[in-house]
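Just the heavy atoms: all of them, side chains too, but no hydrogens, waters or symmetry mates, feed the values below.
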Amino acid sequence: MNDYPLPPEIHPPPEKTIQIISTSIVEPAASPPNTTNHHDIEIQFTPFDIQFLPLQYAQRGLLFRNPSPQKPNSPSTIPRLKTTLSRALSIFPPFAGRLAAVQYDDDGTASFSLNCNGAGALVVHAVANGLSAADILHSDDPTSPGVLHSLFSMNGAYGCEGVSKPLLVVQFTQLADGFFMGFTFSHAAADGSSFWHFLSTWSEISRNAAAESVSPVIGTWFLDGIEPPIRFPFSFDETVQKPPISLPLPPLLQRIFHFSKDKIAQLKARANSEQTDIGSAKPISSFQSMLAHIWRAVIRNSHGLDPDEEVHCKLLVDFRHRLRPKLPEAYFGNVVLFATATASAGDLAAKGIGFAALKLNETVERQTDGEGRRWVKEWMEKPEVRKLGAMARNSLIVADSPRFEVYGNDFGWGKPVAVRAAGNYSDGKVTVLRGKEEGSVDVQICLVDATMKGIGNDSEFMEFVG
C-alpha cells in the first residue's frame with residue numbers, strides 16, 4: 001500500500017461551492033485568575049513530537065444540524081466562537097503558538113521547539129452554497145469526492161510548516177440546514193488525546209457549562225539522560241516537496257463503515273472462541289477484534305500480494321499510562337508511538353479472525369515502559385523522520401480511538417450528529433471514530449479503487465457492517 005497525492009480534481013461539485021466570508025487570527029485571552037500562566041514558555045520537542053514533523057496536519061470535523069431558525073447562523077455566532085476560542089487558547093496556549101526551528105549548518109541537523117507566543121489560531125468563516133447535512137453524512141460517496149475536503153482549511157500543510165503557519169485552524173461552514181466545524185491542527189504540537197481534551201474544554205466554555213475538563217499539563221517531558229534540544233537530520237525542502245509521480249496511479253476512495261455494538265460483540269465472541277480453539281488464553285478486546293476483521297478484509301482484497309509477503313497493521317498507542325512513572329492523562333503534547341503487528345499475507349487471509357486478533361493483542365501488550373524507552377534510545381542513536389508513505393508500504397495505518405469523547409462537544413447548539421476526518425490521504429489509512437449510538441464505531445478507510453470495491457463486495461466483511 002502506497003502514499004498517493006491528493007488528486008488535483010478534488011474539489012466540490014460546481015453547484016456546491018464554498019464561499020469564504022472572513023478569516024481572522026484569534027489570540028489567547030489573558031490567563032484566568034488562580035491559574036498558571038504558560039504564555040511565552042518554550043516547549044522543547046521530544047522524539048515523540050519530532051516523528052510528526054514530516055506528516056501533514058491532522059483534520060477532524062463535527063457536523064451539527066440547526067436546532068432552530070435563529071441558531072447557529074445568527075450574526076452573533078462567529079464573534080461568540082472567537083471569544084470562547086480565545087478563552088480556550090488561554091488554557092491551551094500551545095495551540096496559539098508557533099514552532100521554532102534551529103538549523104545547524106555544521107552537520108545539516110535541526111532542532112525544534114514550540115513557542116507559546118500567543119501568535120494565535122486561524123478562524124475561517126465560510127458558507128457552502130447548496131450543501132446540506134445529508135451531503136456530509138454521505139461524503140464517502142465517490143461521486144462527491146471534494147465535499148469533505150472543502151470543509152477544512154490549510155489542506156496539505158506539513159507539521160514542520162508550523163514555524164510560519166498557525167498550529168490550529170478552525171473553519172466554520174454554514175450549510176443549508178446546519179453547520180460544520182472543521183479543525184486542522186499540527187500533529188507535531190498535539191496528539192489526539194490532547195486535541196479532544198482541548199475541544200472538550202472549548203465546547204464547555206462556549207455553552208457556559210460548569211467546567212468538567214481538567215486543566216492541561218503543559219511542559220516538556222524527557223526521559224532520563226536526554227538533554228534538549230534534540231538535533232536530528234532534517235531538510236525543510238525535502239519534507240514539504242511533493243513526491244515525483246512517474247506512473248499513473250489508481251484513484252483513492254474513502255468510505256465509512258459503521259459497526260454496531262451488537263456486530264462488534266459478535267466479532268469479539270468469534271475472535272475469543274478461536275483463541276480457545278488454538279489453546280490461547282489471551283482475552284481479545286472489542287477493538288482488536290474489529291480491527292482484525294478489517295485488516296483481514298483489506299489483505300484478502302489487495303491485488304498483487306505474494307502469500308509469503310509480510311503485511312503490517314500499525315497502530316498509534318498512547319504511552320501516558322504505560323510509562324513509569326506514569327504521565328498525567330492531561331499531559332499536553334505527543335506521547336504516542338506506532339506499534340506494528342506483522343503477518344504474512346497468506347496466513348492473514350487463510351487463518352481466522354482469532355489469528356489476526358492475537359497478532360494485534362500481542363503487539364499492544366508489548367507496548368510497555370521498557371518498549372517506549374527502547375524506542376527512544378534507538379531513535380536517539382539513529383534519529384530519522386519518515387513521511388507517511390514510507391511507513392505505509394503493505395500496511396494499514398490506524399489513527400484515533402473510539403475512546404475519544406467526540407459527541408459530547410456541544411457548543412451551545414446541541415450535540416454533533418456526525419464526526420469526520422480528512423487529510424493525510426494514503427492507501428491503507430484507517431481512522432477509527434466513536435459512533436453516535438452507544439458502543440458503535442465508525443471506521444473511515446482510504447484505499448485504492450480496486451481494494452475498496454473488493455471489500456465492499458466481500459460478504460464475509462460486510463456481514464458485520466451496519
Side-chain angles (χ1 to χ4, degrees), residues 6 10-13 16-29 56-66 71-89 92 94-99 118-133 135-136 139 145-159 161-187 189-190 195-196 198-199 202-203 205-206 409 411-413 416 418-425:
L6 186 68
I10 293 290
H11 51 72
K16 298 175 180 178
T17 58
I18 303 295
Q19 179 184 1
I20 302 300
I21 304 300
S22 66
T23 62
S24 56
I25 291 291
V26 174
E27 298 177 354
Q56 291 182 11
Y57 275 43
Q59 294 182 318
R60 302 293 181 266
L62 299 174
L63 173 66
F64 299 82
R65 292 188 186 276
N66 285 344
K71 295 181 178 181
N73 294 333
S74 66
S76 64
T77 298
I78 299 301
R80 175 171 175 75
L81 276 177
K82 291 179 182 178
T83 299
T84 57
L85 173 59
S86 178
R87 290 171 58 192
L89 290 174
F92 291 80
F95 270 142
R98 297 291 185 271
L99 302 189
L122 176 64
V123 173
V124 178
H125 178 202
V127 173
N129 299 312
L131 202 63
S132 68
D135 292 308
I136 313 302
S139 57
V147 168
L148 191 60
H149 183 70
S150 65
L151 298 173
F152 295 88
S153 293
M154 224 165 75
N155 295 296
Y158 288 91
E161 294 183 89
V163 170
S164 58
K165 295 181 177 180
L167 302 181
L168 173 69
V169 183
V170 182
Q171 180 173 322
F172 181 95
T173 305
Q174 295 176 218
L175 310 173
D177 55 354
F179 65 102
F180 188 89
M181 294 180 72
F183 310 97
T184 300
F185 67 97
S186 170
H187 209 319
F195 167 73
W196 290 110
F198 160 77
L199 208 62
W202 180 15
S203 64
I205 295 171
S206 185
N409 290 297
F411 286 80
W413 310 298
V419 57
R420 290 292 185 265
N424 276 314
Y425 295 92

Just how far is it from atom [atom1] of [X] to atom [atom2] of [Y], taken to the nearest 0.5 Å?
| X | Y | atom1 | atom2 | answer |
| --- | --- | --- | --- | --- |
| Ser132 | Arg65 | OG | CZ | 8.0 Å |
| Phe172 | Leu151 | CZ | CG | 12.0 Å |
| Ile78 | Ile21 | CD1 | CD1 | 9.5 Å |

Can you tell me if [X] uses its side chain to pair, donor with acceptor, with the backbone of [Y] under 3.5 Å?
| X | Y | answer |
| --- | --- | --- |
| Ser203 | Asn409 | no |
| His187 | Ala190 | yes |
| Ser206 | Trp202 | no |
| Gln171 | Ser150 | yes |

Grab the two heavy atoms, one from [X] and one from [Y], that are nearest each other, plus how far apart they are.
| X | Y | value |
| --- | --- | --- |
| Gly162 | Leu167 | CA-CD2, 3.7 Å |
| Tyr57 | Glu161 | OH-C, 4.3 Å |
| Met181 | Val170 | CE-CG1, 4.4 Å |
| Asp177 | Ala133 | OD1-N, 2.8 Å |
| Ile205 | Arg80 | O-NH2, 4.1 Å |
| Arg60 | Ala421 | NH1-CB, 3.6 Å |

Taking the side chain as C-beta and beyond, is there a heavy-atom pair between [X] and [Y] under 4.5 Å?
| X | Y | result |
| --- | --- | --- |
| Asn155 | His149 | yes |
| Val124 | Thr173 | no |
| Phe92 | Leu199 | no |
| Phe411 | Thr84 | no |

Self-check item: Partner set under side chain to side chain donor-acceptor pair (under 3.5 Å) for Ser86, not counting sequence neighbours
Solution: none

Practice problem: List in chain and number order the residues that pass side chain to side chain donor-acceptor pair (under 3.5 Å) with Thr23, two or more places apart in sequence or in another chain; answer none if no residue qualifies. | Solution: none

Quiz item: Which of these passes side-chain contact (heavy atoms from CB on, under 4.5 Å) with Pro166: Leu122, Val26, Val123?
Solution: Leu122

Quiz prompt | Aromatic ring pairing Phe179/Phe64, orientation class (parallel under 30°, perpendicular over 60°, tilted between) | solution = parallel

Self-check item: Pair Asn129, Thr17: side-chain N/O donor-acceptor within cut-off below 3.5 Å
Solution: yes

Practice problem: For the residue pair His125 and Gln174, confirm or rule out a side-chain donor-acceptor distance under 3.5 Å. | Solution: yes

Exercise. Applying side-chain contact (heavy atoms from CB on, under 4.5 Å), name anything that partners Glu27, two or more places apart in sequence or on another chain.
Key: Ile25

Quiz item: Of all residues at least two apart in sequence or in a different chain, which pass the ring-ring contact (aromatic ring centres under 6.0 Å, His included) check with Phe185?
Solution: Phe195

Practice problem: Not counting sequence neighbours, which residues clear ring-ring contact (aromatic ring centres under 6.0 Å, His included) with Phe95? List them please. | Solution: Phe198, Phe332

Quiz item: Who pairs with Lys82 by salt bridge (charged side-chain N to carboxylate O under 4.0 Å, His left out), at least two apart in sequence or on another chain?
Solution: none

